[in-house]
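Shown next, in C-alpha cells, is the structure this report addresses.
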Amino acid sequence: MDHASQNIIACPDCDLLQRVPELPDGAAAHCRRCDHTIALNRPESLENTLALTVAAAIAFLVANVSPLMELSVSGRQTHTTILGGAQEMWLRGEPLTAALVAFCTVFAPAVHISIMLTIILASRQTPIPSWVGKLLRWSEWHQTWAMVEVMMLGILVALIKIAEMATVIPGIGMFAAGALVLLVAAITVTFDPRKIWQRIEWVNGSIPPTSSGRPSALPKADSLSQQNHPLTAMSIGLVCCESCGLVSRPANVDNPGHCPRCGRHLTLRKHHAIQRTWALIIAALVCYIPANLLPVMASATLVSSENDTILSGVVLLYKTGSWHLALIVLIASVVIPLAKIMALAFLLITIQRRSIKEQRERLQLYRLVDFVGRWSMLDVFVVTFTVALIQLQPLMSVQPGTGVHFFAAVVVLTMIAAESFDPRLIWDSRNEKGG
Ligand SMILES: [Zn+2]
Ligand SMILES: [Zn+2]
C-alpha cells in the first residue's frame, strides 16, 4: 500500500490539500488554513477504547433496567426508567415525541456502543475486513443523535422542578446513566478512527487510493507545502470522502461514484447544500412560533390546573429560586434554536454573495452552531421525565402539551440543517477569485 499518498488529506472543513506529518504520541496536526484538527496520534487508542466501550455497555444496560428515580407524595409512590419516560409520552398522546426520545436516549446510544464494540473487535484481525469501514461510517451518525448527556441535564432540571412539590429519590439507573455520560465522552476522546481507516483494504485489494487506479493521480506530498496559492482537492479534480477522508481521483468528476475504501457515495460538495439548508431553516422558523406560544405541559392538582409554555416554565424556575437552571433552560430552548437559525441564514447569504471576508470566523460560527445544537433538546427531556413521574391522579398529574412536538421539530430540523450545510462552500469563492 502506498503510504505517502495516504498522508495526503483534504481538510474536511475547507478542502485544502495538505500532507500530514508523522506525529509523535499524543500530538495533533491542525489545518494550515482553518485550524481544524486533521489528525491525532493517540497511543493505545484501540485498547483503551475497547475497555471503555465494554464499561459503557454495562452502564447502558444497568441504566436501562433500573429505575431512574422514585417520587413520593403523601404516601403514594411512582417511579420511572428511561424507556418508561418515552412510553408515558406515547400513552399521553405524543407518539412522535415519544419515538424521538426513545431514539435519542436508548436506540442511538445502543447502536453506537454495539457498533464501536464490533469495530474494535474486528480490527484485531489483519487485514481488517472491508465491512468495518461501512460500520465506522454509521457510528459517526449515531453518535450525533445519541444524547445521553442532554437527557441527564433534562432529568436534573425535571428533578429540581418536582422537588418543589414532592420527595424525589434518585435510583441506581440515575447513577448508571451518569457513568454512561462520562464513559461515552471518554470514548470520543480516546478513539482514533484514522488508526482503523489506515488499515482497511480498498474494495479491490491492492490498488492505491485513486479510483482510477493511477498512483500518480495524487500530487506529490512535498509539492503541497510550497504552494503559495491554496490548493484544494476540488480545484485539481480530487474528491475527499466525507466519512473516511480518503482522497481519490474519480474517473468522472460530475459523477464520482463511491469511495473505494468505505463505499460512501462521493460528492465534491454536499448535494444541494444551500437549497436544502434554506428549506430546513425556514421550516424550523415556522415551527419555532407555535413551539413558543403553545403550552408544552399542562399540570393539574385537586384544586387548580395550569398550562406552561417554555417561557412560563423558565419564569417558574426563576421564581422558585433556581435562577441558574432558569438561565440554562432559557438559553437551550429559546436562544439557541433562534440563534442557530439566524447563524445558518447568515452563512448561506454570505456564501450566496460569494463573500471572501472573515472565512475563519464564519467557519468557527458554523462549528459552534453544529456543537450546541443538540443541547436544545433539553426541554423535550424535561417535559418527558416530568410527565413520566407526576402521575398521581387525582392528586396531581402532568400532561404533555402540543407545543412540545413543534419544539422537538425545531430541534430536529435545525440539527439536520446544520448537517446538510457544507462548510467548504465558505472557502470556495476565495478559490474562484484566486486569492
Ligand atoms: Zn481546513
Ligand atoms: Zn470513504
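Remember, predicted model here, so these are calculated numbers, not experimental data. Quick note: residue numbers are just sequence positions, from 1. Indexing begins at 1, ligand by ligand and atom by atom, following the structure's order.
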Query - Ser235 side chain to Leu231 backbone, donor-acceptor under 3.5 Å - result: no

Query raised in the report: With a cut-off of 2.8 Å, does His36 place any N/O/S atom under that distance from the Zn ion (ligand 1)?
Result: no

Query raised in the report: What is the SG(Cys241)-the Zn ion (ligand 2)-SG(Cys259) angle, to the nearest 10 degrees?
Result: 110°

Report task. Could you grab the angle centred on the Zn ion (ligand 2), going from SG in Cys244 to SG in Cys262, to 10°? Result -> 120°

Query - Vertex the Zn ion (ligand 1), rays to SG in Cys11 and SG in Cys14 - rounded to 10° - result: 110°

**Report entry** Of Val157, Val296, Leu317, the residue whose pairing with Val382 passes side chain to side chain contact (heavy atoms under 4.5 Å, CB included)
**Finding:** Val157

Query raised in the report: Once you round to the nearest 0.5 Å, how far does CG of Leu378 lie from CZ of Phe407?
Result: 8.0 Å

Query raised in the report: Val398 versus Val383: any side-chain heavy-atom pair under 4.5 Å?
Result: no

